[in-house]
Amino acid sequence: MNSLVQLAAEDASDHRTLIITLFSVFVAATLGVTVWAGRRTKDATDFYAGGRSFTGFQNGLAISGDYMSAASFLGIAGLIALFGYDGFLYSIGFLVAWLVALLLVAEPLRNSGRFTMGDVLAYRMRQRPVRTAAGTSTIVVSIFYLLAQMVGAGALVALLLGVSGDAGKNIIVAIVGIVMILYVTIGGMKGTTWVQMIKACLLIAGTLLVTILVMTKFNWNISSLLGAAAEESGKGAAFLEPGLKYGVSTTSKIDFISLGLALVLGTAGLPHILVRFYTVPTAKVARKSVNWAIGIIGVFYLMTIALGFGAAALLSQKEITDSDAAGNTAAPLLAQEIGGGADSIGGATLLALISAVAFATILAVVAGLTLASSSSFAHDLYANVIRKGKATDKEEVSAARIAAVAIGAVAIVLGIFAGKLNVAFLVALAFAVAASANLPTILYSLFWKRFNTRGSLWSIYGGLFSSVFLVFFSPVVSGSEEAMFSGVDFQWFPLSNPGLISIPLGFLLGWLGTVLSKEDEDPDGEKYAELEVRSLTGSGAH
Amino acid sequence: MDTEQETGSGPSSDRKYREVQQSAEFGELRRSHRSFAFPLTVGFVVWYFLYVLLSIYAGDFMGTKLLGNLNVAFAFGIAQFVTTFLIAWWYARHAAAKLDPKADAIKNRLEADA
């Protein structure tokens with residue numbers, strides 16, 4: 001604690017006090033809501049699914065809160081600020097992906113499952129192996145996603161406390177982790193959902209404010225905003241065209257396709273998004289909530305144009321990269337600039353406001369991820385695999401709370417060692433793993449009568465291991481300047497996103513495992529009949 | 001916990017779901033969903049990849065200026081937003097008109113039998 005106090009004393013400025021005040025207000029208010037929700041959390045349905053009592057709009061807002069992570073807010077703004085148009089692809093992919101969830105996944109999942117993705121798979125397969133697989137992939141995807149959020153937290157702390165503030169950074173990362181554990185263990189899904197809603201409103205309001213200020217500066221003329229961004233970036237018209245980041249070589253072009261595939265197919269396989277569909281009473285409401293989310297998220301991503309190009313137009317490239325090499329702090333820097341600059345009260349206030357919003361964003365997303373992975377641990381692995389379905393409600397929820405503490409601890413450690421990569425880019429890896437390991441099994445389970453246990457296992461483990469394996473030997477982990485371990489080089493896989501290989505592999509293995517299995521688990525097709533009828537009509541839904 | 005509703009093997013012992021699944025009414029519901037959702041999914045994925053591929057392999061075309069500094073790439077990007085909003089709206093309309101009434105009818109009958 002001493003070093004934090006010391007740091008604050010060395011470089012005491014108004015904005016830091018203000019950020020701490022704003023952030024403390026957010027934490028106090030949300031913890032209040034969490035305690036209130038915790039008092040109303042009585043059984044497993046309350047803890048895992050918020051009592052299934054949320055409305056379409058509420059859940060749509062909460063989905064937006066879960067989805068608009070540090071990657072969307074800090075990462076995309078940074079990528080656009082540094083690479084212009086190529087950063088915009090993330091916004092588009094992240095949004096279009098929602099159609100997969102809307103058209104194919106949300107409603108049948110809501111109708112046929114209870115708490116987790118594993119529920120739907122376990123429907124007509126052998127429970128223990130498929131739940132083990134589903135739980136494992138849920139936890140791995142969540143950890144990838146957590147890593148990205150913690151990198152975002154690290155970048156923010158570095159901006160606010162100065163790069164030398166290692167001890168200060170660790171303390172703040174630990175505080176983020178502890179608060180998040182409190183949300184999840186006390187408030188369960190009910191509390192976490194309210195936190196997501198509050199955070200979504202704050203994020204939209206903060207982004208809207210900066211957007212309005214940027215657009216006013218350019219007289220609401222997008223063309224002149226883009227023109228100024230192109231000029232200030234030093235790259236001219238190329239800044240507004242695709243190719244600056246991904247057009248340089250054949251490998252980078254293929255990498256771009258790989259990224260595009262991961263983005264569009266990843267969303268409907270993200271565990272913390274899938275569990276959101278269980279918080280509403282019916283499939284109809286689930287559909288409404290996805291539609292609200294598409295509207296809210298779409299408007300938000302449109303505003304990333306103003307954030308990213310605004311940062312490029314109003315800040316120099318050197319200012320952006322000096323603060324964070326991957327551009328993760330472009331949005332808060334832009335807020336400072338548009339408020340009147342570093343030495344003005346307006347600048348300090350806006351920087352504080354946007355930084356507090358970014359912290360709230362990270363905190364809420366980390367809580368959503370921790371809830372999803374601890375739910376899957378407790379419901380899939382503990383209750384159905386370890387205790388073979390004999391655990392009581394109470395024991396299951398206790399297991400989830402303990403898992404939340406453990407996963408929170410992992411997040412804190414990751415945050416402390418978090419690297420220097422762009423957070424949108426890191427999240428895209430989580431999307432690739434989700435699209436490879438989860439999406440094929442979900443779709444096959446819902447729509448393919450013949451799909452069986454072996455198909456599920458091959459698909460989940462095949463997609464999971466191939467994507468993680470390829471990331472491990474990619475330029476992300478070693479062998480490049482920006483790699484996590486830049487000192488060593490064991491890289492041989494050229495692409496930085498594994499989606500192009502691992503997603504088709506996940507689908508292929510699911511098919512292959514199924515047709516190669518001689519086991520006939522559903523000879524009369526009765527289990528599939530029940531799944532199909534229930535998933536389309538909502539009969540017998542929980 | 002309502003253990004009789006526990007997922008997995010066991011609960012499908014009665015044949016009512018099988019009968020419903022074979023019924024003409026359910027066949028129609030399934031067709032209404034699949035004939036809408038599947039082609040539309042293929043459609044938007046193709047449309048999205050057209051955009052992705054043009055972005056890398058047709059840089060000159062994408063860089064063509066349309067209005068001031070607004071180029072084809074930008075218009076294409078905004079068009080992806082617009083089509084996403086439209087598809088979401090269209091599906092909601094289709095589902096409310098064609099899927100929900102059929103699904104509710106089958107569900108109500110199944111639950112009345114039980």
Side-chain angles (χ1 to χ4, degrees), chain A residues 44 85 88-89 91-93 95-96 98-100 102-104 113-114 119 122-124 126-127 221-224 226-227 230 237 240-243 246-247 253 256-257 260 264 284 287-288 290-291 294-295 298 301-302 389 392-393 524-527 529-530 532-534 536-540 542, chain B residues 1-3 5-9 11-13 15 17-18 20-22 26 29-30 33-34 36-37 40-41 44-45 48-49 51-57 59 62-63 65 67-71 73-74 77-78 80-81 83-85 87-89 91-92 95 99-100 102-104 106-107 110-111:
Chain A
Y85 189 83
F88 190 40
L89 173 94
S91 296
I92 293 165
L95 178 69
V96 172
W98 273 99
L99 293 176
V100 182
L102 175 69
L103 295 173
L104 303 175
R114 282 182 77 200
D119 286 342
Y123 216 94
R124 58 193 174 106
R126 279 183 286 125
Q127 292 243 22
N221 184 337
I222 294 220
S223 174
S224 57
L226 295 178
L240 306 178
E241 293 165 16
Y246 291 101
K253 284 178 180 174
F256 185 80
I257 301 175
V264 79
K284 250 180 264 184
R287 180 199 309 147
K288 266 191 200 117
V290 176
N291 269 328
I294 289 177
Y301 284 141
L302 283 174
T392 65
D393 240 29
D524 308 320
E526 279 187 18
K527 285 186 198 162
E530 182 178 353
E532 193 177 27
V533 170
R534 286 178 58 165
L536 272 177
T537 64
S539 163
H542 289 279
Chain B
M1 202 189 300
D2 43 350
T3 37
Q5 295 270 27
E6 188 55 88
T7 52
S9 57
S12 59
S13 52
R15 296 188 55 84
Y17 284 113
R18 187 98 172 103
V20 171
Q21 190 204 30
Q22 303 291 323
F26 184 78
L29 171 63
R30 173 174 40 203
H33 177 253
R34 293 195 173 185
F36 190 89
L40 204 56
T41 301
F44 79 73
V45 169
Y48 169 75
F49 273 98
Y51 159 76
V52 169
L53 293 175
L54 282 176
S55 292
I56 7 178
Y57 295 109
M62 293 295 260
K65 286 204 171 158
L67 198 77
N69 290 306
L70 295 172
N71 55 21
F74 204 79
I78 299 296
Q80 294 282 334
F81 277 77
T83 49
T84 302
F85 292 144
I87 290 171
W89 169 79
Y91 173 71
L99 305 179
D100 293 347
K102 289 189 189 100
D104 288 344
I106 297 172
K107 178 176 179 243
L110 264 167
E111 275 160 19

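In this text, all values refer to a predicted model and were calculated from it rather than measured experimentally. The chains referred to below are lettered A, B, ... by the order of the sequence lines, with proteins before strands, and numbering in each begins at 1.
Contact tally against chain A (heavy-atom pairs below 4.5 Å) for V45(B), V20(B), N69(B): the top residue is N69(B). Put simply, of L240(A), I222(A), L103(A), V100(A), the one with the most heavy-atom pairs under 4.5 Å next to chain B is L103(A). Interface summary for chain B: among G247(A), G538(A), G243(A), the most heavy-atom pairs under 4.5 angstrom belong to G538(A). Interface remark: of the candidates A95(B), G59(B), G77(B), A88(B), A88(B) forms the most heavy-atom pairs closer than 4.5 Å to chain A. Options F88(A), Y246(A), Y85(A) differ in how many heavy-atom pairs under 4.5 Å they form with chain B, and the most are formed by Y85(A).
Only the side chain of L104(A) comes within contact range of chain B, judged by heavy atoms closer than 4.5 Å. When heavy atoms are compared at a cutoff of 4.5 Å, Y48(B) approaches chain A solely by way of its side chain, counted from C-beta outward. Of the atoms belonging to L67(B), it is backbone heavy atoms, and not side-chain ones, that fall under 4.5 Å from chain A. For K284(A), the part lying under 4.5 angstrom from a heavy atom of chain B is the side chain only. Of the two parts of R30(B), the backbone and the side chain both hold a non-hydrogen atom closer than 4.5 Å to a non-hydrogen atom of chain A. In this structure, chain A has heavy atoms under 4.5 Å from both the backbone and the side chain of F74(B).
Y17(B) and S539(A) get closest at one heavy-atom pair: OH-OG, 3.5 Å. Closest approach of L89(A) to Y51(B), counting heavy atoms only: CD1-CE2, 3.6 Å. Scanning both residues, A529(A) and R18(B), for their nearest heavy atoms gives CB-CA, 3.8 Å. Scanning all heavy atoms of the two residues, the minimum distance from S55(B) to P242(A) falls at O-CB, 3.2 Å. The heavy-atom pair separating I294(A) from F85(B) by the smallest distance is O-CE2, 3.4 Å.
Here the straight-line distance linking atom CD1 of I56(B) with atom CD1 of I257(A) works out to 4.0 Å at 0.5 Å rounding. If you take CG on L536(A) and CZ on R34(B), they are separated by 7.5 Å, rounding to the nearest 0.5 Å. Of the inter-residue distances, the one linking W98(A) atom CH2 with I87(B) atom CD1 reads 15.5 Å to the nearest 0.5 angstrom. How far CD1 of I106(B) is from OG1 of T537(A): 6.5 Å, rounded to the nearest 0.5 Å. A distance of 6.0 Å separates CD1 in I92(A) from CZ in F81(B), rounded to the nearest 0.5 Å. Rounding to the nearest 0.5 Å places CG of D100(B) at 4.0 Å from CZ of R287(A).
Residues L99(A) and Y91(B) fail the side-chain proximity criterion, which asks for heavy atoms closer than 4.5 Å. Taking 4.5 Å as the limit, every side-chain heavy atom of L95(A) sits out of range of all side-chain heavy atoms of Q80(B). F44(B) has its side chain within reach of V96(A): a pair of non-hydrogen atoms, C-beta onward, lies under 4.5 Å apart. Proximity of V533(A) to L110(B): side-chain heavy atoms (C-beta onward) are separated by under 4.5 Å at one or more points.
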